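I have placed the structure first, in the form of structure tokens, so that the comments after it can refer back to it.
All values reported here derive from a predicted model rather than from experimental measurement.
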Amino acid sequence: MKTDTVATRGSGAVRRVLEAELKAARARGAHQPNVVDVGGGSGGWAVPLASAGCLVTVVEPNPNALATLRRRAEEEGVSGSITVIADDSDALGAHVAAGSADLVLAHGLLEVVDDPELVLAALAAAVKPGGAVSVLVANRHAAILQRALAGRLGEARELLTSESGVLGGGRETVLRRFDAEVLRAQLVAVGLEVISLQGDGVVADFVPGGVREEDLAEFELAAASVSPLRDISSRLHLLARRPA
């Protein structure tokens with residue numbers, strides 16, 4: 001029997017929020033919630049969501065990632081619940097009908113697209129009234145802190161003053177990092193209401209080996225919504241709802 005449990009590894013705080021959102025979607029009458037995973041890669045979220053009883057559309061241009069996604073979906077027996085669209089996020093509106101999704105995911109996407117505001121507008125258009133958009137992004141404050149603690153103070157200072165939150169000269173694979181208030185403002189600007197803000201990876205990057213995974217996961221869940229701990233987490237997770 002399908003449940004709302006999304007069995008991914010790691011990202012426990014994010015998983016908890018998504019499971020609650022699936023329950024809310026089913027309470028609104030969506031027995032098989034329609035989920036769109038934009039930039040879904042190799043199915044790290046799509047496959048568990050399909051296993052939880054969702055109908056998932058993955059928009060992803062990378063053929064290698066899609067090959068892995070298809071293999072994982074077949075192994076888990078959920079190939080029939082996943083639709084693959086081999087295209088860029090810019091083409092979302094051409095493939096996904098406006099107002100058709102109960103939940104839209106943009107995890108690790110806004111850091112690498114050319115125009116994040118344009119993509120956010122497309123995400124907001126795809127979701128139903130009452131549905132939600134889940135955004136997971138790299139946190140600029142965490143990048144600063146991590147480099148400072150590693151003794152790379154020059155890089156830390158550069159990130160501190162960089163408008164985009166990345167090192168110049170093509171030294172990084174991402175185009176930008178975010179802080180919570182900037183991202184919140186961008187979500188509000190496209191007509192969404194932010195209902196949840198939390199950290200993902202609060203201390204996981206700093207904890208020494210030997211710590212039990214269960215203990216670390218328990219602490220991460222407890223700390224995810226506590227400011228200022230969430231504000232220095234490796235990633236920021238915001239859930240924003242389209243008003244009904």
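- Looking only at distances, no side-chain donor or acceptor of R177 sits under 3.5 Å from a matching main-chain atom of A142.
- The backbone N or O of V166 lies less than 3.5 Å from no partner atom in the side chain of E172, so there is not a single donor-acceptor pair.
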> What's the verdict on side chain to side chain contact (heavy atoms under 4.5 Å, CB included) for V137 and E111, showing C-alpha distance, side-chain angles and the deciding distance?
Replying inline: CA-CA 7 Å; V137 296; E111 301 95 317; 3.9 Å; yes
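- In this structure, R230 and Q198 have side chains that are not in contact, with every pair of non-hydrogen atoms separated by 4.5 Å or more.
- In this structure, G40 and V58 approach most closely via the heavy-atom pair CA-CG1, 3.9 Å.
- Closest non-hydrogen pair, V113 versus R176, comes out as O-NH1, 2.7 Å.
- Atom CG of L236 and atom CG of D231 lie 7.5 Å apart (nearest 0.5 Å).
- For the pair L18 and L105, the tightest heavy-atom approach, listed with the atom from each and the gap, is CD1-CD2, 4.4 Å.
- With contacts defined as side-chain heavy-atom distances shorter than 4.5 Å, the pair S234/Q146 qualifies.
- Side chains of F206 and L149 form a contact here, defined as non-hydrogen atoms less than 4.5 Å apart.
- Checked by atom type and distance alone, the side chain of R241 pairs as donor or acceptor with a backbone atom of G130 at under 3.5 Å.
- How far CG of L183 is from CG of L197: 8.5 Å, rounded to the nearest 0.5 Å.
- Considering only heavy atoms from C-beta on, V36 comes within 4.5 Å of L92 through its side chain.
- Distance check: N139 CG to H237 NE2 gives 14.0 Å after rounding to the nearest 0.5 Å.
- Annotation: the span from L221 atom CG to E218 atom CD amounts to 8.0 Å, rounded to 0.5 Å.
- Checked by atom type and distance alone, the side chain of R171 pairs as donor or acceptor with a backbone atom of G168 at under 3.5 Å.
- Looking at every heavy atom in both residues, P129 comes nearest to A244 through CB-CA, 3.8 Å.
- In this structure, L49 and D37 have side chains that are not in contact, with every pair of non-hydrogen atoms separated by 4.5 Å or more.
- Its side chain within the 4.5 Å cluster rule, L159 clusters with I144, L160, L167 among the Ile, Leu, Val, Met, Phe, Trp and Tyr residues.
- E181 places a side-chain heavy atom less than 4.5 Å from the side chain of R184.
- Using a 4.5 Å heavy-atom cutoff, the side chains of V14 and W45 are in contact.
- Two different hydrophobic clusters hold L145 and V203 under the rule that ILVMFWY side chains link at heavy-atom gaps under 4.5 Å.
- Listed for the N34 side chain is a donor-acceptor partner under 3.5 Å among the backbone atoms of S100.
- Without hydrogens or angle criteria, S79 side chain to E74 main chain gives a donor-acceptor distance under 3.5 Å.
- For T68 (side chain) and N64 (main-chain N/O), a donor-acceptor pair under 3.5 Å exists by modelled atom type.
- At least one donor-acceptor pair under 3.5 Å links the side chain of E220 to the backbone N or O of A204.
- No donor-acceptor pair closer than 3.5 Å links the side chain of D88 to the backbone N or O of D90.
- When side chains are defined from C-beta on, R28 counts as touching D102, because their heavy atoms get closer than 4.5 Å.
- Under the salt bridge (charged side-chain N to carboxylate O under 4.0 Å, His left out) criterion, E155 pairs with R147, R152, not counting sequence neighbours.
- No side-chain donor-acceptor contact under 3.5 Å links D200 to the backbone of A13.
- Scanning all heavy atoms of the two residues, the minimum distance from E21 to L103 falls at CG-CD1, 4.0 Å.
- Between G39 and L109, the shortest heavy-atom distance links the atoms CA-CD1, 4.2 Å.
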